[in-house]
> 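Before I ask anything, let me first share the structure, which is written out below as structure tokens.
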Amino acid sequence: MVSREHDQRILKAFGARVRALRLNLSMSQEVLADRAELDRTYIGGVERGERNLSLINIVKLAAALETSVSDLMRGVE
């Protein structure tokens with residue numbers, strides 16, 4: 001059985017990956033949100049590991065970050 005702590009580690013790892021890719025592109029949260037058609041506060045929540053994203057939003061983020069879904073998920077286990 002997967003614990004809540006494990007879930008939190010996954011969300012935080014994903015958020016850190018999103019932030020790293022965003023910063024690597026010198027992109028603000030506002031620009032990423034606009035490109036992904038999401039709210040800036042949502043992006044902040046994702047990066048802090050507070051949001052459990054839908055598959056649709058993961059695909060939107062990957063496209064906005066100019067990467068593949070598999071690359072976006074790298075290191076998230």
Side-chain angles (χ1 to χ4, degrees):
M1 182 176 230
V2 179
S3 68
R4 179 157 169 74
E5 292 81 24
H6 182 259
D7 292 349
Q8 286 303 115
R9 284 193 302 271
I10 291 169
L11 294 175
K12 290 209 178 275
F14 182 80
R17 181 71 175 147
V18 169
R19 179 179 286 130
L21 290 170
R22 177 179 62 77
L23 293 176
N24 190 50
L25 293 171
S26 300
M27 188 184 301
S28 68
Q29 286 183 344
E30 290 83 4
V31 170
L32 176 56
D34 186 55
R35 288 185 182 181
E37 298 179 342
L38 299 168
D39 190 86
R40 191 217 44 89
T41 59
Y42 185 84
I43 299 297
V46 168
E47 290 187 356
R48 289 188 302 274
E50 298 171 353
R51 298 281 185 167
N52 189 1
L53 289 75
S54 70
L55 180 57
I56 300 293
N57 287 344
I58 291 170
V59 171
K60 286 181 175 184
L61 282 174
L65 290 166
E66 302 170 4
T67 193
S68 65
V69 170
S70 61
D71 185 53
L72 180 59
M73 300 302 286
R74 184 171 292 137
V76 179
E77 297 177 14

> Checking Arg35 against Glu66 for the side chain to side chain contact (heavy atoms under 4.5 Å, CB included) test, could you report, in this order, the C-alpha distance in whole Å, the side-chain angles of both residues, the deciding distance, and whether it holds?
CA-CA 10 Å; Arg35 288 185 182 181; Glu66 302 170 4; 3.5 Å; yes
> Got a second to check how far Ser70's OG is from Met73's CE, nearest 0.5 Å?
10.0 Å
> For Gly75 and Ala13, which heavy atoms make the closest approach, and how far apart are they?
O-CB, 4.2 Å
> If I take atom CD from residue Glu5 and atom CD1 from residue Ile10, how far apart are they, to the nearest 0.5 angstrom?
12.0 Å
> Using the side-chain hydrogen bond (donor to acceptor under 3.5 Å, both in side chains) criterion, which residues pair with Glu30? Sequence neighbours excluded.
Ser28
> With a 4.5 Å cut-off on side-chain heavy-atom distances among I, L, V, M, F, W and Y, is there a chain of contacts connecting Leu38 to Leu23?
no
> side-chain contact (heavy atoms from CB on, under 4.5 Å) with Val46: which of Val18, Leu11, Asn57?
Val18
> Drop me the distance from Leu32's CG to Ile43's CD1, to the nearest 0.5 angstrom.
4.0 Å
> Hey, could you give me each pair passing salt bridge (Lys or Arg N to Asp or Glu O under 4.0 Å) that has a residue in residues 6-23? Not counting sequence neighbours.
Arg17-Asp71, Arg19-Glu47, Arg22-Glu47
> Mind checking side-chain contact (heavy atoms from CB on, under 4.5 Å) for Leu55 and listing every partner two or more places apart, or none if nothing turns up?
Val59
> From Leu61 CG over to Phe14 CZ, what is the distance, rounded to the nearest 0.5 angstrom?
5.5 Å
> If I compare all heavy atoms of Ile58 with all of Leu72, which pair ends up nearest, and what's the gap?
O-CD2, 3.7 Å
